[in-house]
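Taking it in order: structure first as structure tokens, then the write-up.
By convention in this document, chain letters (A, B, ...) are assigned in the order of the sequence lines, proteins followed by strands, and residues within each chain are numbered from 1. What you are looking at is a predicted structure, and each value in this text was computed from that prediction instead of being measured.
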Protein chains: 2
Amino acid sequence: MSVTRVTIKDVARSAGVSIATVSNVLNGTGRVSADTVRTVRRAIQELKYSPSQAARNLKDKKSRLIAVIVPLLHKGFLHDNPFYWQLVGGIEEGARAHRLHIMLVGADSEESYSFVKERHLDGLIVIGAFEGSEALERIVQWGVPSVFVDSYLADPNVYQILSDDEKGGYLGTKHLIDLGHRNIALLTGEIEPNGVHEARFLGYRRALKEAGIGYRPAWAVEEPPTMEGGARSVPRILALQGVSAVFATSDVAAMGLLSGLSERGLSVPRDLSVAGFDDLPYSRFATPPLTTVAQDIGLKGREAVRLLQAHMDNKEPPYRRKLIPVELKARQSTRFLEEGEGEPVDANEIRKGGDG
Amino acid sequence: MSVTRVTIKDVARSAGVSIATVSNVLNGTGRVSADTVRTVRRAIQELKYSPSQAARNLKDKKSRLIAVIVPLLHKGFLHDNPFYWQLVGGIEEGARAHRLHIMLVGADSEESYSFVKERHLDGLIVIGAFEGSEALERIVQWGVPSVFVDSYLADPNVYQILSDDEKGGYLGTKHLIDLGHRNIALLTGEIEPNGVHEARFLGYRRALKEAGIGYRPAWAVEEPPTMEGGARSVPRILALQGVSAVFATSDVAAMGLLSGLSERGLSVPRDLSVAGFDDLPYSRFATPPLTTVAQDIGLKGREAVRLLQAHMDNKEPPYRRKLIPVELKARQSTRFLEEGEGEPVDANEIRKGGDG
DNA sequence: GTCCATTGATTAAACGTTTCATCAAGCAAC
DNA sequence: GTTGCTTGATGAAACGTTTAATCAATGGAC
């Protein structure tokens, strides 16, 4: 047990003033003479006083604490995807700049979210929530200031930070088309309505359409956006007649795919061009370095905090939804398709075996 | 602004009892009849009452909030290493099981750690602190229950969770020796006294010594444990006459090394065997799949919370320092060295160029 | 029928702040 | 010399709990 807490009373006594005055010095409120300020400051220093947030919370219902809600953290899902880590890193950085602290909570379907009220949370950053989820409804209803990252929500009263996913989907696909590919598979996470994967999917379709390439539903291969998912997709992708390129809506899936292909003795980009989405720190170190649609994940996190802070201050920010720009990073996992190369690949001929 | 808070008073009034009774029902304290319990419970339900943590904190100085302090989060350091993400994931999981919430804080050298007192934190989990750091001193001095992850601290009063790093270092090196390698470089993070890299380094030396191989300081190459660090180490490692294997004290560095080697047209394990440490989710998907010393990172996080909880409960746990077991996972990045193959590699002859 | 222990409930203080209403003193204006 | 304004400071209530002290009622034991 540490020694009993130094309170505002101790400071007041030591400085020979009332607690109200100390409080005023602390917060820069009210009128207090320069002399008194000095005396009080000294007393604070000497006693090593620091105010109790708990007491403050109780009084003015501001906690300077926000929660970051990450999907399925405890299911191990996240542990696989550094994307979230980067995002949370950006949020932490932003929070630090705004003198906020963050509480990290794994979203749980059974979660009551009661902690939001109980802990007097000032705001919420929710990552990857799905439209219509009950928890989400409740949050919006409570009116707790919140910012949603990576969900396209219809409600115009809800603040959202996203990457320009549709454009990213378009750019990635267009890049492959420009390289001469026409048989382009899409490796995507589950296409939930209003999710990021749907937006990227739509960009993929737009690029195809613009190039006069028909869209074939079987060519959109859905797998969880994890290494495992990417690796598991290999047979489904190789089964597509004539496939010469794959656009993956996440880098982890793309890297799982890379791994699965190499295990079968296939070489990227010789046998298949592969592009991803996210530009994770790993991606440029992949073998081969991964062509990808880059988004500034850290910025995304920082912007989320900025928007939330504006919301909490009741300053009407200039937008409800902000799209972080994306950019294509062409590296070595995609290649130009020579004239006449567009022929179907025979999956049987390919199987040379790996040393897995 | 949400509507005014439902307080314990409202419940008391609605149930026709005193607030003390409601409080007793809430906490299962005191004596209260079954009938009353039922009535109060109903009132709580109806009013959707949930108690204010802030008020509770103020009263009994327990917040059920712990802080997780991660090194240099905001410097971008962490964003690179999924290790921390996994660890935090494990901690979140543990915290959830113990009904604790976690506050994520990036360690900053200028950080005053005043938030620990201000927010009435129940405990601290500190990741990768260095012996003698001022902040650390203060924390220990305050007597706030804390658990240190991944630092070997001399102070016997301090609770520590670590992997069996020395053994891991030994196992990884031994594995290479068993494969016939004798010229084994060490790629390591900065060897700070009492840090994990030092422990792994010591294991490396023990294995060498046991095999009668002399230790040459130049063969311990220090680089930051990041992809960049690993990639940057390539020239230094290739400069070592006769090197046939590298043991890296972290998987990210190993993977950066893999990448740097492939960029130079060198093949693993043909030209060089590479082993890592951590068994990150990526590692088995690397090209080639990475041989590594596996530690159960999630378990590490969960154990940290368990130990902290015991500490907070003043239950004396059976140990001050717990070592999580490690295990060698042999995969395809290391190979058997044929008889007579131990000859020096000529770095000039190697340079075949990559397609970077 | 008095005394005591037990059960079930209440009253009120305390936790450490912020803030509103009040107040004393000083001073300028009339 | 009353009035009124400004400056600097204070007293006390309030925030929503927990808990120690107290109390009323009940029912045995003697």
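With rounding to whole Å, His120(A) atom NE2 is found 8 Å from dT17(D) atom P. The nearest whole Å value for the distance from the CG atom in Leu26(B) to the C1' atom in dT17(D) is 10 Å. Taking atom CD1 of Ile19(A) as the reference point, atom P of dA13(D) lies 12 Å away to the nearest angstrom. Rounded to whole Å, the distance from CG on Leu58(A) to P on dT17(D) is 9 Å. Distance CD1 (Ile8(B)) to C1' (dT19(D)): 12 Å, rounded to an integer number of Å.
Both Asn24(B) and Ala55(B) lie near DNA chain D, and the one whose nearest nucleotide falls closer to the 5' end is Ala55(B). Across the interface with DNA chain C, nearest-nucleotide mapping of Ala20(B) and Lys59(B) shows Ala20(B) to be the residue nearer the 5′ end.
The OH atom of Tyr49(A) lies 7.5 Å from the CZ atom of Arg5(A); values are rounded to the nearest 0.5 Å.
At a threshold of 4.0 Å, the pair Asp122(A)-Lys61(A) does not count as salt-bridged, since none of the basic side-chain nitrogens sits closer than that to a carboxylate oxygen. The pair Arg306(B)-Glu303(B) meets the salt-bridge criterion, since a charged nitrogen lies less than 4.0 angstrom from a carboxylate oxygen. Looking at Glu46(B) and Arg42(B), no side-chain N of the basic residue comes within less than 4.0 Å of a carboxylate O on the acidic one, giving no salt bridge.
A close approach under 4.0 Å does occur between a side-chain nitrogen or oxygen of Arg56(B) and OP1 or OP2 of dT18(D). Look at Thr21(A) and you'll find a side-chain N or O under 4.0 angstrom from OP1 or OP2 of dT10(D).
By the 6.0 Å contact criterion, CZ on Arg320(B) is enclosed, its count of non-hydrogen atoms from other residues, nucleotides or ligands being greater than 12. For Arg31(A), the CZ atom is loosely surrounded, since the number of other residues' heavy atoms within 6.0 Å does not exceed 12.
Note that the first and last nucleotides of DNA chain C, 5' to 3', having any atom under 4.0 angstrom from a heavy atom of chain B are dG8(C) to dG16(C).
Using a 4.0 Å heavy-atom cutoff across all strands shown, Lys9(A) reaches no nucleic acid atom at all. Base engagement by Ser23(B) is indicated by at least one non-hydrogen atom pair under 4.0 Å involving a base atom. Contacts of Asn27(A) with the nucleic acid, taken as non-hydrogen atoms under 4.0 Å apart, involve only primed sugar atoms and P, OP1 or OP2. Among the protein residues, Thr29(A) comes within range of no part of the nucleic acid, since none of its heavy atoms lies under 4.0 Å from any strand. When heavy atoms are screened at a 4.0 angstrom cut-off, Thr7(B) is found touching the sugar-phosphate backbone but no base atom. Within the nucleic acid shown, Ser33(B) comes within 4.0 Å of sugar-phosphate atoms alone, with no base atom in reach, counting heavy atoms only.
Scanning both residues, Val32(B) and Asn24(B), for their nearest heavy atoms gives CG1-CB, 4.4 Å.
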